[in-house]
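Small disclaimer: the values here were computed from a predicted structure and weren't measured. Naming: A, B, ... by sequence-line order, numbering from 1 per chain.
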Protein chains: 2
Amino acid sequence: MRTKQSAPALSLAEHKAAIQKENRRVTSYDVALVAGVSQSAVSRCFKPGASVSKATYARVMKAAAALDYIPNAAARSLITRRTNMVAVIISNLANLAYPEALSELSQHIGRRGKRVLLFTLQRETDIGAVLNDVWQYQVDGVIAAATLTDEQVAEFERRRMPLVVFNRGLRGQAVNTVACDHYEAGHMLVAKLATAGHRIIAIIDGPEDNIVGSERRRGAADKLAELGLPPPVIVRGHFDYASGARGLRDIISRLGHVPDAVICGSDVMAIGCLDYARHELGLSVPAQLSVAGFDAVEPSNWLSYNLTTLRQPIQKMASAAAELLHNLIELGEGEVEKRMFASQFIEGATARLTTLPSVSLAA
Amino acid sequence: MRTKQSAPALSLAEHKAAIQKENRRVTSYDVALVAGVSQSAVSRCFKPGASVSKATYARVMKAAAALDYIPNAAARSLITRRTNMVAVIISNLANLAYPEALSELSQHIGRRGKRVLLFTLQRETDIGAVLNDVWQYQVDGVIAAATLTDEQVAEFERRRMPLVVFNRGLRGQAVNTVACDHYEAGHMLVAKLATAGHRIIAIIDGPEDNIVGSERRRGAADKLAELGLPPPVIVRGHFDYASGARGLRDIISRLGHVPDAVICGSDVMAIGCLDYARHELGLSVPAQLSVAGFDAVEPSNWLSYNLTTLRQPIQKMASAAAELLHNLIELGEGEVEKRMFASQFIEGATARLTTLPSVSLAA
DNA sequence: TTGTATGCGTTATCAT
DNA sequence: ATGATAACGCATACAA
């Protein structure tokens, strides 16, 4: 009889009743008492790879199950300095490309035993306000799909908080980045359009503070200049459907006529532009007007649109971001790493991509 | 001179260096030391509405800022029993209606001083696997946009974990719910279609285990039976675009001809169905075929579609869910509450909603 | 392998 | 208003 007599083991029922009455949580001490072992033994049973005998393990697990015991992650994190939480700061889930990114990030991060603590921003400039919360929660790392100021980046460094910036690669900042080369994408698109003989090319850009749109616009404008084509008419939108329609209207009014092609900062704007051209203006696309977008979001592939666009490899990017952050957390700071992905051109059917036969005949 | 001589105040620089060297975090003790007050005083300064003198507050805040001190939420939660985190369990962000819901939930929860800990599910039946994690993180409450078994609901009760089920109102379960009356929506849609003279109505349902689709289908089928119309041909899809096209094809092959109307379990399927009808089959919608969906997701409103559908008041639902959970957390369990919202019929232009003049003339 | 003792960083209680 | 002290629930160094 090796049962402790000094502290007679309470029956399971008594124990549960006591816990209930005192309105406290089930702790490892409770499990230890019921299982007749020490608290540290219980702790070890829940740590993978700890040294526990088969017998002890069995008794502890049985007691734990009986008591509905689950280790308290908050208490654990106090000691281990790991919360197993990763903050994801994301500006606008309405953006159609982001839900997929978030979903992928969540899966990849989950696979590494961590969870996503979500910080959504109404406007991208609100990021300062949420950073304080990020520090409080003691997350293990941060993935930010928003533009950070240099000062904010510096604070991450001061706090030694692992950071990966998603799709906002500021060239100048020494910060780990996973992004798509939006400048190059804009460049490529203009090259394709110019080759097909488009000369008057207009751009519907995103909001002023959005770097993704700006880079795409810069790439496009630079390529136009390089080719000696007229500088583009540029109007601004908010990446949404209505902005696409309004954008085309404004372009035409500024230009006095329909341009050869419109480059839209996002697929949703391209779709808005396309619908407006076809249904409101009665234009034939791409015969009278070429329209192209970016992102290759799902609707761009629908039969009614079949949009000419550039695909961001969102899944690969999410995977890379999760991996990069994981390394940062596990291995500590190394060299600053910037993983750039290229966009893939999707031909679609809303932009004319060969020179007009009539033109070559007439020439 | 009230400065403690026994423990000479370190200079700020010395202090920061010491912390850095020992590789530990900045704690309230550090702040206390620098500010020349007790640790409790520091703690109080970070608790809104605590009684601290103006002078102490100022000195503490100055020291805290100098040291980059932020209270540790994990340590706090150990004693307050509040983590200020709410778990959101969501099945599939690709579903187009969910990103908006998540975004709204995040905003509303954030406004109440809490953050969303995200649990994404590949399949809705994976929920069992994530629940263990949910317990570990000691979240203050859970919003689940997934179907729970009775056993799982029971575990929430046992653990006294506040739970709000989002858009999955199982009629039988005694669980707090915010949902849309999908049965009623299906009912209403058939009523509209039948009034316009449609008789052969087919349904593209969602996956078997999805209750939202099932309810819509049940409502529609029941109304058909009620009106003495032929029972619907029913095929299954996965709520995605391809399922809509495939669904229509299967319906026609099962029926031997084009039905009068197709009811699709989601807008995205309806759009797939619509595109297939128009672009592949060359059917005129709604002249030769009526198509309707559910949810009123953004693309349903685009000019190319202008879909006949039923809008879920997602924003109101998200707001209600956040509020309901908040009350549960603050006030403790009360009566089980089920907040049902009605769908709003969006007329659109893909379903004929008046009887055909030719028919009434011929009759 | 197991148990003892200690500390993680905070809030809360109780004196003063 | 302020300070000492005891939890909160766990992991870990160390002794056995």
Side-chain angles (χ1 to χ4, degrees), chain A residues 2 4 6-7 19 22-60 63-64 67-84 135-138 140 159, chain B residues 2-4 6-7 19 22-33 35-60 63-64 67-84 135-138 140 159:
Chain A
R2 293 168 45 81
K4 279 191 190 174
S6 52
I19 294 169
E22 298 169 31
N23 189 31
R24 51 187 195 77
R25 309 201 248 210
V26 180
T27 73
S28 51
Y29 282 99
D30 298 312
V31 177
L33 214 55
V34 169
V37 298
S38 74
Q39 180 268 333
S40 41
V42 176
S43 175
R44 278 192 283 263
C45 287
F46 284 90
K47 175 178 175 157
S51 87
V52 205
S53 77
K54 208 71 182 159
T56 307
Y57 183 83
R59 292 169 63 195
V60 166
L67 290 172
D68 281 331
Y69 169 75
I70 298 275
N72 183 322
R76 169 182 293 163
S77 77
L78 222 48
I79 309 254
T80 61
R81 292 160 155 257
R82 284 282 164 86
T83 54
N84 290 326
W135 311 139
Q136 288 221 4
Y137 283 103
Q138 307 279 132
D140 296 337
R159 298 187 182 277
Chain B
R2 292 171 45 80
T3 314
K4 279 191 190 174
S6 53
I19 293 168
E22 298 169 30
N23 189 31
R24 48 187 198 77
R25 309 200 248 210
V26 180
T27 73
S28 50
Y29 281 100
D30 298 312
V31 178
L33 215 55
V37 298
S38 74
Q39 182 271 336
S40 344
V42 176
S43 176
R44 277 191 285 264
C45 287
F46 284 89
K47 175 178 175 160
S51 89
V52 206
S53 77
K54 208 71 184 159
T56 306
Y57 182 84
R59 291 168 63 194
V60 166
L67 291 172
D68 281 331
Y69 169 75
I70 298 275
N72 183 323
R76 169 183 293 160
S77 77
L78 219 48
I79 185 109
T80 61
R81 290 159 158 256
R82 284 282 164 84
T83 53
N84 290 327
W135 311 139
Q136 289 219 4
Y137 283 102
Q138 309 279 133
D140 296 337
R159 298 186 182 278

Between D:dC8 (P) and A:Asp30 (CG): distance, integer Å: 11 Å
Let me know, please, whether B:Ala41 or B:Ala75 comes out on the 5' side of the other along DNA chain D by nearest nucleotide. B:Ala41
Do the side chain of B:Ser40 and the base of D:dA4 come within less than 3.5 angstrom through a donor-acceptor pair of N or O atoms? yes
Give B:Thr56 one of three labels, base, sugar-phosphate or nothing, depending on what nucleic acid heavy atoms sit under 4.0 Å from its own. sugar-phosphate
Could you tell me whether the side chain of B:Tyr137 reaches within less than 4.5 Å of the side chain of A:Asn84, counting heavy atoms only? yes
Which is true for A:Ser43 with a 4.0 Å heavy-atom rule: it touches a base, it touches only sugar-phosphate, or it touches nothing? base
Whole-Å distance between C:dT6 P and A:Leu78 CG? 18 Å
Between A:Phe46 and A:Arg76, the two heavy atoms sitting closest are O-NH2, 4.3 Å
Which one, D:dT2, C:dT11, D:dG3, comes nearest to the side chain of B:Arg76? C:dT11
The side chain of B:Val37 lies closest to which of these nucleotides: C:dC8, D:dT2, D:dG3? D:dG3
To the nearest Å, give me how far apart CD1 (A:Ile79) and C1' (D:dA13) are. 12 Å
Starting at atom CG of A:Asn72, determine the distance to atom P of C:dT10, rounded to an integer number of angstrom. 16 Å
5'-most contact on DNA chain C (nearest-nucleotide basis), A:Ser53 vs A:Tyr29, goes to A:Ser53
A:Thr83 side-chain N/O to A:Gln138 backbone N/O, donor-acceptor pair under 3.5 Å: yes
Nearest-angstrom distance from the residue atom CD1 of A:Ile70 to P of D:dC10: 11 Å
Between B:Arg25 and A:Lys54, the residue closer to the 5' end of DNA chain C by nearest nucleotide is A:Lys54
Looking at the base of D:dA11, is there any donor atom on it, or on the side chain of A:Gln39, that sits under 3.5 Å from an acceptor on the other one? yes
Looking at every strand, decide which applies to A:Phe46 at a 4.0 Å heavy-atom threshold: base, sugar-phosphate, or nothing. nothing
What is the distance from CZ of B:Arg82 to C1' of C:dT10, rounded to the nearest Å? 16 Å
Between A:Thr80 and D:dA11, does any side-chain N or O lie under 4.0 Å from OP1 or OP2? no
Heavy-atom pair with the smallest gap, counting every atom of B:Ile70 and A:Gln136: CG2-CG, 3.5 Å
Hey, does A:Val42 reach any base, or is it just sugar-phosphate, or nothing, if we go heavy atoms under 4.0 Å? nothing
A:Tyr137 has an atom OH; how far is it from atom C1' of C:dG9, in whole Å? 17 Å
Answer yes or no: side-chain N or O of B:Arg44 and base N or O of D:dG3 forming a donor-acceptor pair under 3.5 Å. yes
Side-chain heavy-atom pair B:Asn72, A:Leu78 within 4.5 angstrom cut-off: yes
Does A:Lys47 have a side-chain nitrogen or oxygen under 4.0 Å from the phosphate oxygens OP1 or OP2 of D:dC10? no
Roughly, in whole Å, what's the span from CD in B:Gln138 to C1' in D:dG9? 9 Å
With heavy atoms under 4.0 Å as the rule, sort A:Ser51 into base, sugar-phosphate or nothing. base
I want to check something: taking the side chain as every heavy atom from C-beta on, are A:Arg44 and A:Thr56 in contact at a cut-off of under 4.5 Å? no
N or O in side chain of B:Ser38 less than 4.0 angstrom from D:dG3 OP1/OP2: yes
Base, sugar-phosphate alone, or nothing: which one does A:Tyr69 contact when heavy atoms must sit under 4.0 Å apart? sugar-phosphate
